[in-house]
Amino acid sequence: MKEPSRTLAWICPACRQSVIVERSVFSLTAASSRAACPCGKSEIKIRPLENRVQITVPCISCGKDHQVTCSLDALLHQKAIALSCSASGLDCFYAGEEEAVFAAVRRLEEAADQLPPDEPAEGEEPGVFLNNIIMEEILGELKEIASRPHGVTCTCGADGWSLKVGYSAVDLICGTCGGALRIPAATASDLDDLCCKHKLIIKGR
């Protein structure tokens, strides 16, 4: 019988290639572990801390390493977890079931293809959004959803919320409990997903 495992993935900021590795549940919980990109210029670090785990991941968006903690239960049992860049809102790491992680990485690759080069051309100004057209369409679709009766609600029972627009995502924030729902706004796939939704539900705290 095959030992239970989890699939981990990120895009290397140095070579811009997707890195997907498999690690056994035992190795993730027994001791600190690492996984490196074949180019040798980026790696992830996972350190178990009782019922939580500390994860250090490289970020394709800002080029820096992000260190976060999440519950060990989420890492080992959720279908997929995603860690994102606080500056851009773009995902930088996935862990979970193989099929779900591969699907998430394909979408991240689509978004990463739109990232500007590390050194912009002379006279070129960085964009306000990763994809201005997609962001405009996403905001228009959100306005349409919000205009419907109970179009945007929170599981805490409140219906007041605010909008926070980022570089590649939009956050809907409950005005009562502070819970948030992140809406990716970087690719055509993000727009297609939102257009399929009649209502949006914020996960309350």
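None of these values were measured; they are calculated from a predicted model. Count residues from 1 along the sequence.
Both Val19 and Ile81 belong to a single network of hydrophobic side chains, linked directly or stepwise wherever heavy atoms of I, L, V, M, F, W or Y lie under 4.5 Å apart. Taken together through direct or relayed side-chain contacts under 4.5 Å among Ile, Leu, Val, Met, Phe, Trp and Tyr, Leu83 and Leu130 form parts of separate hydrophobic clusters. Hydrophobic clustering of Ile, Leu, Val, Met, Phe, Trp and Tyr side chains at less than 4.5 Å, counting indirect connections, unites Leu200 with Leu139. In this structure, Leu194 is a member of the same hydrophobic cluster as Phe129, with clusters built from ILVMFWY side-chain heavy atoms closer than 4.5 Å. Hydrophobic clustering keeps Phe26 apart from Leu8 (ILVMFWY residues linked when any side-chain heavy atoms are closer than 4.5 Å, directly or through intermediates).
Inspection of the Ser84 and Arg182 side chains reveals an N or O donor paired with an N or O acceptor under 3.5 Å. Glu22 and Ser5 share a donor-acceptor pair across their side chains, judged by distance under 3.5 Å alone.
With hydrogens and angles disregarded, a donor-acceptor distance shorter than 3.5 Å links the side chain of Ser168 to the backbone of Leu90. Arg47 contributes no side-chain N or O that, together with a main-chain N or O of Val53, makes up a donor-acceptor pair within less than 3.5 Å. Side-chain N or O atoms of Asn131 include one that pairs as donor or acceptor with a backbone N or O of Ile133 at under 3.5 Å. A distance-only check finds no donor-acceptor pair linking the side chain of Thr153 to the backbone of His150 [under 3.5 Å].
Ion pairing of Asp193 with Arg107 is present here, as a side-chain N (NZ or NE/NH1/NH2) and a carboxylate O approach within less than 4.0 Å. Between Arg34 and Glu43 a salt bridge is recorded (basic side-chain N to carboxylate O distance below 4.0 Å).
The minimum heavy-atom distance between Ile145 and His198, with the atom names listed, is CG2-O, 3.7 Å. The two atoms that bring Thr187 and Ile134 nearest to each other are O-CG2, 3.6 Å, heavy atoms only. In this structure, Leu28 and Ser33 approach most closely via the heavy-atom pair CD2-OG, 4.2 Å. Closest of all the heavy-atom pairs between Cys92 and Val57 is SG-CG2, 3.7 Å. Residue Pro58 comes nearest to Asp65 through the heavy atom pair CA-OD1, 3.3 Å, listed as atom of the first residue, atom of the second, then distance. Across all non-hydrogen atoms, the minimal contact from Thr176 to Cys156 is CB-SG, 4.4 Å.
Looking only at side-chain heavy atoms (C-beta outward), Cys37 and Ser42 come within less than 4.5 Å of each other. Side-chain contact between Glu50 and Leu72: absent, with no pair of heavy atoms (C-beta onward) separated by less than 4.5 Å. Looking at heavy atoms from C-beta onward, Ile202 lies out of side-chain contact with Thr155 at the 4.5 angstrom threshold. Counting heavy atoms from C-beta on, the side chains of Ile138 and Leu191 come closer than 4.5 Å. When side chains are defined from C-beta on, Leu163 counts as touching Leu172, because their heavy atoms get closer than 4.5 Å. Cys195 has its side chain within reach of Glu141: a pair of non-hydrogen atoms, C-beta onward, lies under 4.5 Å apart. With a 4.5 Å cut-off on side-chain heavy atoms, Ser24 and Pro4 do not count as touching. Looking at Gln17 and Cys39, their side chains never come closer than 4.5 Å, going by heavy atoms from C-beta outward.
Going from atom OG1 of Thr69 over to atom CG of Leu49 covers 8.0 Å, rounded to the nearest 0.5 Å. Interatomic distance, Leu181 CG to Trp161 CH2, rounded to the nearest 0.5 Å: 10.5 Å. Interatomic distance, CZ of Arg106 versus OG of Ser18, reported as 10.5 Å (0.5 Å rounding). Within the model, atoms CD1 of Ile60 and SG of Cys12 stand 7.5 Å from one another, a figure rounded to the nearest 0.5 Å. The distance from atom CZ of Phe93 to atom NE2 of His66, rounded to the nearest 0.5 Å, is 13.0 Å. Note that SG of Cys70 and CD of Gln78 are 8.5 Å apart. Values are rounded to the nearest 0.5 Å.
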Given the rule in the side-chain contact (heavy atoms from CB on, under 4.5 Å) test, do Lys79 and Glu99 qualify, once you have shown the distances and angles that lead to the verdict?
CA-CA 9 Å; Lys79 185 175 182 179; Glu99 185 176 348; over 6 Å; no
What do the steps show when you test Thr29 against Leu75 for side-chain contact (heavy atoms from CB on, under 4.5 Å), and what is the final call?
CA-CA 10 Å; Thr29 57; Leu75 177 66; over 6 Å; no
Check the pair Ile183 / Asp171 against side-chain contact (heavy atoms from CB on, under 4.5 Å), numbers first and verdict last.
CA-CA 6 Å; Ile183 308 295; Asp171 291 327; over 6 Å; no
Worked check of side chain to side chain donor-acceptor pair (under 3.5 Å) between Arg23 and Thr7:
CA-CA 6 Å; Arg23 289 291 183 268; Thr7 299; over 6 Å; no
Begin with the C-alpha distance, continue with both residues' side-chain angles, and end with the deciding distance and a verdict on side-chain contact (heavy atoms from CB on, under 4.5 Å) for Ile20 and Tyr94.
CA-CA 9 Å; Ile20 303 176; Tyr94 302 106; over 6 Å; no
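Enclosure of atom CD in Glu136 is not indicated, since only 12 or fewer non-hydrogen atoms of other residues, nucleotides or ligands lie within 6.0 angstrom.
Residue Cys59 is tested with Pro13, Ser86, Cys85 for a side chain to side chain contact (heavy atoms under 4.5 Å, CB included); the sole match is Cys85.
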